[in-house]
Amino acid sequence: AREHALTFGFPVPGSAPTPGGHRLTWTGCAVMGVLNTTPDSFSDGGRHLGLDAALASARRMQAAGVQVLDIGGESTRPGAEPVNAETELDRVRPLIRALADSGLLGGGLVLSIDTMKAEVAAEALRAGAHLVNDITGLRDPEMVRVCAEAGAPACVMHMQGEPRTMQLEPHYDDVVAEVHGFLRDRAAAVLAGGVPSVLLDPGIGFGKTLDHNLTLLRAVGDLAAGEHPVLIGASRKRLIDYVAGVPGAADRDPGSLALHLHSARQGAAMVRLHAAAEMVQALRVEARLAQR
Ligand SMILES: Nc1nc2ncc(COP(=O)(O)OP(=O)(O)O)nc2c(=O)[nH]1
C-alpha cells in the first residue's frame, strides 16, 4: 500500500520531527469520521445530550481505529442557509475542548475543523484542532494566513458556487480537467502562502451532477498520482440514491462504503464518512485480501 504524509508545524499524535516540520505518515487509506454537532444542545455550551452523544461517538470511532475526526458546525448540504461565526463557534468550541480534555487525542486521534470561516478555524485550532477542512478551497486569504500561522495543514476542496445554489446548474466543459486543475492551482497557492501541507478533495456533490460525480470518482487515481494526498467524501450523498434508489440519507451507509472502498483502491489517502468505524473494518479486510 502507498505511503501518505501530512506535515504540521506542531507535533501531533504519531508524528515525527523532520527539518520541514512534524511529519505524520501512514500507509493505505485513513478514515476521517464525521462528528456532527447537534446545534441546539451546544448553544449554551453545557454538557447536554448533544455533547455527550458526540463524545460517545468519538470514543467509539477512536476505539474502532478511526484516525481523524471532522468537526463541523455548519451544514454545507445543497440549499443550506449560511450560519454566522458566533453560532458556528458556539457549536464546535465545547466539543473540541471536551475532546482535548477527554484524553482521546493522546490515543492518536487527529482533529479536523470543517469550516469556511477563518475566524472559526483560528479559534478551533487554538482550542485543539490540528487541521482545517475548508470546502471553499481556502478562497479567503485570511484562511491561508490562519493555517500558515498555526502551522496547520488544510484540506483544499473544489466546490462550484456555494452550498445554497451550487446544485442548480452545475456545468463543466471537462469536469476532471477543471476540478483537478483548480485543486493543483489552489494547492500551489496555499503552500506558497505558508500552509505546511495540503490534502486535495474533488468535492463530491458540491456543484456536480450525478455524471460529474461518477466521472470524478473514476478519476481519483489520476488525482492521487500527484504529490498531494487525496481526501474523498461521498458519505450518504444523493448520488447513492440516484444509483441505488435509497431516498433516506441515513440508509446510504452500504453505498457509502462501496464508494470509499473504490476510492481507497484508486489511491485515496483518506476517506470521510459518517459510518467511519464500519469503513475501518472494510479497509482492514480489503488490505488483508490484497496482501500477497
Ligand atoms: N473535505 C470535505 N468536507 C466535507 N464536508 C461536508 C460534506 C457534506 O456536508 P453535509 O452535507 O453538511 O453533511 P455532513 O457534514 O453531515 O457530512 N462533505 C465534505 C466532503 O466531501 N469533503
Side-chain angles (χ1 to χ4, degrees), residues 6 29-39 50 53-54 57-58 61 66 68-83 87-88 91-92 95 110-117 120-121 124 129-139 143 147 152-160 162-164 166-167 170 179 182-183 186-187 190 197-208 212-214 216-217 220 223 228-241 248-253 255-256 259-260 262-263 268-276 279:
L6 279 176
C29 187
V31 177
M32 172 189 269
V34 175
L35 198 51
N36 277 324
T37 57
T38 41
S57 171
M61 287 195 270
V66 172
V68 185
L69 292 185
D70 192 36
I71 299 168
E74 174 182 32
S75 172
T76 51
R77 60 182 50 81
E81 283 303 319
V83 159
T87 307
E88 198 176 333
R91 294 174 179 176
V92 299
L95 179 51
V110 170
L111 279 194
S112 160
I113 176 74
D114 185 347
T115 185
M116 303 182 254
K117 301 183 189 69
V120 173
H130 302 113
L131 73 97
V132 174
N133 174 19
D134 177 0
I135 64 166
T136 73
L138 288 88
R139 274 177 216 166
M143 181 66 95
C147 292
C155 175
V156 173
M157 197 194 84
H158 174 275
M159 168 167 64
Q160 188 178 75
E162 53 173 7
R164 215 169 36 78
M166 64 191 175
Q167 285 310 112
V179 171
F182 168 87
L183 292 173
R186 288 305 305 146
V190 163
S197 61
V198 296
L199 286 143
L200 303 185
D201 182 338
I204 298 301
F206 286 91
K208 280 97 178 176
H212 294 142
N213 286 321
L214 294 176
L216 285 167
L217 284 164
V220 167
L223 188 60
H228 303 298
V230 169
L231 168 62
I232 297 295
S235 186
R236 298 182 175 172
K237 291 190 177 173
R238 175 126 347 251
L239 79 102
I240 296 168
D241 179 23
D251 303 325
R252 297 177 190 156
D253 288 339
S256 302
L259 277 178
H260 293 99
H262 161 88
S263 303
M270 195 178 290
V271 287
R272 177 186 184 275
L273 303 92
H274 301 81
M279 189 72 227

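Counting convention: from 1, in listed order, for ligands and their atoms alike.
Checked by atom type and distance alone, the side chain of Q160 never pairs as donor or acceptor with a backbone atom of F206 at under 3.5 Å. No donor-acceptor pair under 3.5 Å is formed between the side chain of T136 and the backbone N or O of M116. Proximity of a side-chain donor or acceptor of N213 to a complementary backbone N or O of G205 within less than 3.5 Å is detected.
Nearest-residue assignment for atom 21 (O) of ligand 1 (options G137, G233, G73; heavy-atom criterion): G233.
If you look at T76 next to ligand 1, the close heavy atoms, those under 4.0 Å, come from the backbone and the side chain alike. Of the heavy atoms in R236, none comes closer than 4.0 Å to ligand 1. Contacts with ligand 1 closer than 4.0 Å are made by no heavy atom of I232, backbone or side chain. With a heavy-atom cut-off of 4.0 Å, S75 touches ligand 1 through backbone and side chain alike. With a 4.0 Å cut-off on non-hydrogen atoms, R77 touches ligand 1 through its backbone as well as its side chain.
Applying side chain to side chain contact (heavy atoms under 4.5 Å, CB included) to M143 and the options V120, V190, V132 leaves one that passes, V132. Among the candidates C155, P202, S263, the single residue satisfying the side chain to side chain contact (heavy atoms under 4.5 Å, CB included) test with L231 is C155.
For a threshold of 3.5 Å applied to N or O pairs, the pair formed by D70 and ligand 1 contains no separation below that value. At under 3.5 Å, not a single nitrogen or oxygen of F206, backbone or side chain, sits near a nitrogen or oxygen of ligand 1. Remark: ligand 1 and E74 share no N or O pair separated by less than 3.5 Å (distance only, no angle test).
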Might you work through the salt bridge (charged side-chain N to carboxylate O under 4.0 Å, His left out) test for R272 and D201, ending with a clear yes or no?
CA-CA 10 Å; R272 177 186 184 275; D201 182 338; over 6 Å; no
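Residue-ligand proximity, L231 to ligand 1, at heavy-atom distances under 4.0 Å covers atoms 1 (N). Here is the list of ligand 1 atoms found below 4.0 Å of a heavy atom in C155: 1 (N). Listed by atom number, the atoms of ligand 1 under 4.0 Å from H274 heavy atoms are 14 (P), 16 (O), 17 (O).
Side-chain contact check for H212 versus P170: some heavy-atom pair is nearer than 4.5 Å.
Listed here is the closest heavy atom pair of V83 and T87: CG1-CB, 3.7 Å.
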